[in-house]
Amino acid sequence: NAGVTQTPKFQVLKTGQSMTLQCAQDMNHNSMYWYRQDPGMGLRLIYYSASEGTTDKGEVPNGYNVSRLNKREFSLRLESAAPSQTSVYFCASSEARPGPYEQYFGPGTRLTVT
Amino acid sequence: SQQGEEDPQALSIQEGENATMNCSYKTSINNLQWYRQNSGRGLVHLILIRSNEREKHSGRLRVTLDTSKKSSSLLITASRAADTASYFCATVRGSTGGTSYGKLTFGQGTILTVHP
């Protein structure tokens, strides 16, 4: 099993450009998550999807959109990139309720916006 | 805002010594988890402790939870150079009418360096 995979691994964008980060999991998990990690900080939740067909905002959703394409795939889109979105982005997945919600993480996408 | 605060921010020890990291949080929790992150990599789950548990062991890891103080500690015994990494605590909030969906709130992490 590959676990959680993310593409691309690295990306450089100019301000105003758009892009989509892809995430897929092969563990048949219901819930998926997108986080960002800034230098010296923990992870902050951007969006999550409790189950196929549902998405909800996390702590820092502004400037992002998501799509839960099917049970396996959860994408994150930046419509108009800004330098403040320079970060490392992690996708994760977990079983749904009743828990206890251990999460499995992908290797991350390092995004630089100039 | 982040739920957890970790202490110390950085810890440097020699191989064979024990490493203790602490985590405090603000709200009631369903469970608390510890994750490790090697430089430039994704997070790896280490151990989970439920709110009704006080102590848990896994190999060289020992986690304690004090819900009255809203704090947890992670002890790594007989550390190795390979334990060098950042360690994060993360909490799943307590009952919120069933809407938490396992969302994790992370602390800022402790950077552990183990010198050979």
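Computed from a predicted structure; not experimentally measured. Lettering of chains follows the sequences in order, A, B, ..., and the numbering in each one begins at 1.
Interface remark: Gln6(A) contributes no atoms to any contact with chain B (heavy atom separation under 4.5 Å).
Of the possible polar contacts, one joining the Glu6(B) side chain to the Gly109(B) backbone as a donor-acceptor pair under 3.5 Å is found.
Counting Ile, Leu, Val, Met, Phe, Trp and Tyr side chains that sit under 4.5 Å apart, directly or through other members, Tyr104(A) shares a hydrophobic cluster with Val4(A), Met27(A).
For the residue pair Thr105(B) and Tyr25(B), no side-chain donor N or O sits within less than 3.5 Å of a side-chain acceptor on the partner. Side-chain contact check for Thr54(A) and Arg68(A): no donor-acceptor pair (N or O, by modelled atom type) lies under 3.5 Å.
Contacts between residues 10-17 of chain A and chain B, defined by a heavy-atom separation under 4.5 Å, are made by no residue at all.
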Please set out all donor-acceptor pairs under 3.5 angstrom arising from side-chain atoms of residues 71-78 of chain B, sequence neighbours excluded.
{"unit_1": "Ser72(B)", "atom_1": "OG", "unit_2": "Trp34(B)", "atom_2": "NE1", "d": "3.3"}
{"unit_1": "Ser72(B)", "atom_1": "OG", "unit_2": "Thr64(B)", "atom_2": "O", "d": "2.8"}
{"unit_1": "Ser73(B)", "atom_1": "OG", "unit_2": "Thr64(B)", "atom_2": "OG1", "d": "2.6"}
{"unit_1": "Thr77(B)", "atom_1": "OG1", "unit_2": "Arg60(B)", "atom_2": "O", "d": "3.3"}

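The residue from Phe105(A), Tyr35(A), Phe90(A) that alone fulfils the ring pair (Phe, Tyr, Trp, His ring centres under 6.0 Å) condition with Tyr35(B) is Phe105(A).
Residue pairs meeting the disulfide bond (SG atoms under 2.5 Å apart) criterion with at least one partner in residues 22-86 of chain A, sequence neighbours excluded, are Cys23(A)-Cys91(A).
Contact count versus chain A (heavy atoms, under 4.5 Å) is highest, among Arg41(B), Gln37(B), His45(B), for His45(B).
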